Each structure stands twice: as structure tokens, then as C-alpha cells.
Amino acid sequence: MKAIVKPTPRLDGTINALSSKNYTTRYLLIAALADGTSTVHFPAHSEDSDAMRRCIRDLGAVLEEDDEKMTIRGFGRHPKHVSELNVGNAGAVLRFLMSVAAFCPEVTFINAYPDSLGKRPHDDLIDALKQMGVEVEHREGKLPITIRGGHPHGGKITVSGNVSSQFLSSLLFVAPLLDEDSEITVLHDLKSKIIVGQTLEVIAQAGVKIEASDDLMHYKIPGNQQYKPQSYTVQGDYPGSAAILAAAAVTHSDVTVLHLAEQSKQGERAVVDVLRAMGVDLTHENDTVRIRGNQKLTAGEFDGDHFTDAVLAMVAAAVFAEGTSRFYNVENLRYKECDRITDFVNELRKAGADVEERQSEIIVHGRPQGVTGGVEINAHYDHRVIMALTVVGLRSEQGLIINDAHHVAKSYPHYFEHLLSLGAQIELVQE
Ligand SMILES: O=C(O)C1=C[C@@H](OP(=O)(O)O)[C@@H](O)[C@H](O)C1
Ligand SMILES: C=C(OP(=O)(O)O)C(=O)O
């Protein structure tokens, strides 16, 4: 699908935030790891959450669903011995399930997206699984990956947090089910640290005990625990909503997004503060964010690691700010669906933005007068690139054509519909 994004001076209206992708993957997983039946209310419906749903079903979970909820009978620590799993393009789903696969004799994760997930590194998790007695066959740390497990053991485990927090989260989900107690130490830095708080939150909701150090670098995990079946409610998704809020910020607008919890462990909740710091007229009350945009933004400097999945949307807003913005500490954006520094900066430049890259920074020299546009954008298989460039297109002189825009469905299948309902001028062309 092509998205033809046309200049749109005004956006107005109210939308419901989509359900959180990262809570949905976690709740589905711990429901599958429970002995008994759990309920997940308002799960996300996107390619990534579908990938988790499909894989836990393949592994033996029994799922039923209606419009509002999913019930899941879990398999505990005894998944079905499948030989192959397809996680689509979902990094978190792959990494979380690599540890679950350690309970199976032999599972191969296939390489369904060679130009996206197929390029992402998983060495740090592979090293940790080996410490647990699991044999892993891989192509230089990348897909396809075959896990030969059966009887993984606990004990002392180290894992690097330099590239992704998902490796640590993966181990935290599975370690409580092992026979032995475990002690996990994170080596180097821990990127996207905030999201580990979501992992610990949902694990605790299922009655499982983990003792975490304050800096989240050390964990003591008693073995032989069980996830209790529970009822969970998924909160609204900040990373996806960040793009809607950015669109409202760069146009004249009166836009309200419902169901964005003020108290949330999603790091991307910070976009509310980022946009405020950029001078956007914004309120956040009763879990509702309202923006009255007037196209005026001021530049700022931000530690992007605090809101990793919303950096691109905030950069898109900064493209139109007065002054130079800096998004630092974002090197691990290079290991996502595409290289979200080099690839993204290249697409922004094509659109007419004045941007620079460093190894771990994106620098934006704002153009309050707008950008030229009038070019075709390569989506690089990346939903967040698609969402951010759409924001830029709305404030361009000649619009933008975003090729392969259907990849937005990885996390936010209704993104364009939501923007259209607010009055955005976007034409969707099926190819
Ligand atoms: O744990 C998770 O669900 C996620 C962790 C983050 O990845 P990294 O830890 O690789 O930054 C984030 O970007 C991703 O969308 C989801
Ligand atoms: C990086 C992302 O997801 P994942 O790592 O799960 O593919 C994302 O949603 O932006």
C-alpha cells in the first residue's frame, strides 16, 4: 500500500488510543506460561500481537476471543514440542520466545523478514541461553535460529544490556520456572531500561517473585515458581499515540487522545513532557491528552533512551521547531526494524528536513517555515518510520508518498484511519 500524504493545515477531533503492544505481548506470554486460564482485556490487534498469539497457540496454549477480550489456557513450563515458529517481524516476540523454546527439544525460528528482523542481532541472548545448558544454532547471531533445549537450568547467568533490554526481559520471564534459583547480572549498560519495569510489573501481577536491585542490573529469582492465571487489562499505547500527538503538534489542531494513563510504566509516556518542553499547548488529565496545536514549536535536548519507541515521532515534530534539537543516547535505534538513525535521517533529508546523525544521536535543525516534500519515501519495513514521515508530510508544501505503508500494521493498523478521522488529507492506494 502507498500512502499519499497531502499538506494538511488543520486536525480536529477525538480518538481512542490503540492498546499497548508491549503490554499485550507480555500479558499473552505470562498467560501462556501459567497453569490455568487467564483473561486479557482489550489486547492490541496488530501484526506483532498476532505473532505472539499465533506462536503461543502453536506452543499449546488454548485461546478464545471476542471483541474485547482473550481467554488463554496456558501450558506452564510444558510447551508443545513444535519444530518451527514464525514470529513475523516482531523482535520482542522472537526474543521472549527464544527462552520459552528452551523447554522444547528443538525449535527453529524461521527468517520471515530477511531485510528487517533477519538483520537484527540476538548474540547476547544466545550467550545467556548457552549458560543455561541450551544449545543454539544460528547464523552469526541472526535468524534462522534453532534452539535445542529440554532441561534448561538456572544458576548464575550474565547477559549484556548494551543492544536491547529484550534479552534480559526474556530471561526474567522464564527463570522463575526453572528448578534452580537464578541470579541474573546485566553486563555493560542496560538500554531501554524503563521497559524492564513493565516486565517486572506484569510478572509480579501473576504472583511470581523476583528481587531486583534498584539500578535493575542484578536479579535474584527463586526457582520452581508458577505463574498464576489472572485477569489483565491492557492500557493505551504511548509509542503509537506519540505519532498522533506529534501530528497535532505540527498542525493547527484541537486533538484529544483518550486512554493514556497518567501513571504508566511506559517510558514513552515522556512524550507528554517532551512536547510540553517544545512549547506545545497540552493538557493531560483523567488519562486524556488534549493538544491545541498552533504550528509553533521550540527545539530541545532529550535523552531518547527514556522513550525509545517514540523518538522518531518526536524528531518529526522537531523538524518544524525553532532552533536545533538533539536526541541523544539513542544508538540502539540502529538495531530496530531498520537502522532508525541512518535510514530515518536519509528519508527525512529527502523530504527536505535539515538533520544530522552521530553514532548515537539525531540532530535536527528546525524549519518552522515547513519542508518541501514532493518525494517518495522508503518505509524500510518500519512502522515507526512510516508514522513519523506521515507527520512530516502533513506539514510539507508538496506532500509525501510513503511506499509500503502497509507495514504500519506491525503495531498500529488503524493509524491512517485515525488520522483521516481527524481530517488529515491522506489517500491510501492498494497495490
Ligand atoms: O520489551 C519490549 O517489549 C520492547 C523493548 C524495546 O526494545 P529494546 O530493548 O531493544 O530497545 C522496544 O523498542 C520494543 O518496541 C519493545
Ligand atoms: C522496535 C520495536 O519492536 P520490536 O523490537 O519488538 O520489533 C518497535 O515496536 O518499535
Side-chain angles (χ1 to χ4, degrees), residues 18-30 44 46-52 55 87-99 109 112-113 116-125 143 159-173 186 188-203 216 234 237-243 265-268 303-314 329-341 343-344 360 379-388 407-413 415:
L18 71 160
S19 287
S20 162
K21 171 184 90 122
N22 298 339
Y23 274 102
T24 301
T25 49
R26 283 167 170 71
Y27 284 138
L28 294 185
L29 179 65
I30 60 169
S46 59
E47 287 173 3
D48 280 14
S49 52
D50 285 353
M52 182 59 99
C55 290
V87 299
N89 199 20
V93 177
L94 169 65
R95 276 105 174 235
F96 296 170
L97 291 179
M98 277 170 66
S99 294
F109 290 89
Y113 282 81
S116 187
L117 186 54
K119 289 183 171 169
R120 295 171 70 178
H122 315 288
D123 315 70
D124 298 332
L125 179 56
L143 289 173
V159 63
S160 173
N162 244 349
V163 166
S164 171
S165 68
Q166 293 172 358
F167 307 139
L168 169 64
S169 284
S170 176
L171 299 169
L172 291 172
F173 283 121
V186 182
H188 316 121
D189 201 359
L190 178 55
K191 294 300 180 192
S192 303
K193 187 182 265 195
I194 291 180
I195 205 169
V196 176
Q198 287 178 46
T199 302
L200 295 172
E201 181 190 14
V202 305
I203 288 174
L216 298 183
V234 178
D237 186 274
Y238 274 98
S241 300
K265 289 198 187 302
Q266 296 178 61
E268 291 79 6
D303 182 341
D305 194 53
H306 294 164
F307 51 95
T308 185
D309 284 347
V311 171
L312 275 55
M314 294 301 102
N329 195 16
V330 295
E331 181 169 358
N332 91 333
L333 291 184
R334 294 190 182 278
Y335 316 118
K336 308 270 183 178
E337 284 78 333
C338 68
D339 179 335
R340 284 183 180 165
I341 299 184
D343 293 335
F344 180 49
S360 61
H380 296 276
Y381 297 89
D382 193 333
H383 51 142
R384 309 235 180 257
V385 169
I386 294 165
M387 290 188 253
H407 291 300
V408 79
K410 182 175 190 285
S411 66
Y412 199 167
Y415 179 63

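Counting from 1, the numbers follow the sequence of the chain as shown. Keep in mind that this is a model prediction, so the values were computed, not measured. First listed ligand is number 1; within each ligand, the first listed atom is number 1.
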Heavy atoms only: give me the nearest [X]-[Y] pair and the separation to one decimal.
X      : Y      : value
Arg120 : Lys336 : CD-O, 3.3 Å
Gly197 : Lys265 : O-CD, 3.5 Å
Cys338 : Val385 : SG-CG2, 3.9 Å
Gln166 : Phe96  : O-CE2, 3.9 Å

Check whether any side-chain heavy atom of [X] sits under 4.5 Å from a side-chain heavy atom of [Y], and report yes or no.
X      : Y      : value
Arg26  : Ile195 : yes
Leu171 : Ser99  : yes
Met52  : Leu29  : yes
Phe173 : Val202 : yes
Glu331 : Lys191 : no
Gln266 : Asn22  : no
Met387 : Ser411 : yes
Thr308 : Glu268 : yes

Which residues share a side chain to side chain donor-acceptor pair (under 3.5 Å) with Ser169, sequence neighbours left out: Thr199
Return the closest protein heavy atom for [atom] as residue, atom name and distance.
atom                    : result
atom 10 (O) of ligand 2 : Arg384 NE, 2.7 Å
atom 5 (O) of ligand 2  : Arg120 NH2, 2.8 Å
atom 6 (C) of ligand 1  : Gln166 NE2, 3.8 Å
atom 12 (C) of ligand 1 : Asp309 OD2, 3.3 Å
atom 6 (O) of ligand 2  : Ala92 N, 2.8 Å
atom 2 (C) of ligand 2  : Glu337 OE2, 3.2 Å
atom 9 (O) of ligand 2  : Lys21 NZ, 2.6 Å

Lys336 N/O to ligand 2 N/O under 3.5 Å: no
Ala90 N/O under 3.5 Å from ligand 2 N/O: no
Heavy-atom gap Thr25 to ligand 1 smaller than 4.0 Å: no
Tyr335 to ligand 1, any heavy atom closer than 4.0 Å: no
Ligand 2 contact on Met52 by region, counting heavy-atom pairs under 4.0 Å: neither
[X] heavy atoms, cut-off 4.0 Å: which ligand 1 atoms fall inside?
X     : answer
Asn22 : 3 (O), 16 (C)
Lys21 : 15 (O)
Ala92 : 3 (O)

Contact with ligand 2 for Arg95, non-hydrogen, under 4.0 angstrom: no
Non-hydrogen atom of Met387 closer than 4.0 Å to ligand 2: no
Qualifying residue for side-chain contact (heavy atoms from CB on, under 4.5 Å) with Phe307, from Asp305, Asp303, Val311, Asp309: Val311
Residue part near ligand 1, for Phe96, under 4.0 Å between non-hydrogen atoms: side chain
Side chain, backbone, both or neither: the part of Lys336 lying under 4.0 Å from ligand 1 by heavy atom: side chain
Ligand 1 and [X], any nitrogen or oxygen pair closer than 3.5 angstrom?
X      : result
Arg120 : no
Arg26  : yes
Lys191 : no
Asn332 : yes
Ser164 : yes
Ser192 : yes

For ligand 2, which atoms, with element, lie under 4.0 Å from some heavy atom of [X]?
X      : answer
Asp309 : 8 (C), 9 (O), 10 (O)
Lys410 : 3 (O), 4 (P), 7 (O)
His383 : 8 (C), 9 (O), 10 (O)
Arg340 : 1 (C), 8 (C), 10 (O)

Ring pair (Phe, Tyr, Trp, His ring centres under 6.0 Å) partners for Phe109, two or more places apart: none
Geometric class of the Phe167/His122 ring pair [parallel <30°, tilted 30-60°, perpendicular >60°]: perpendicular
Donor-acceptor contact present, side-chain Ser20 to main-chain Val234, <3.5 Å: no
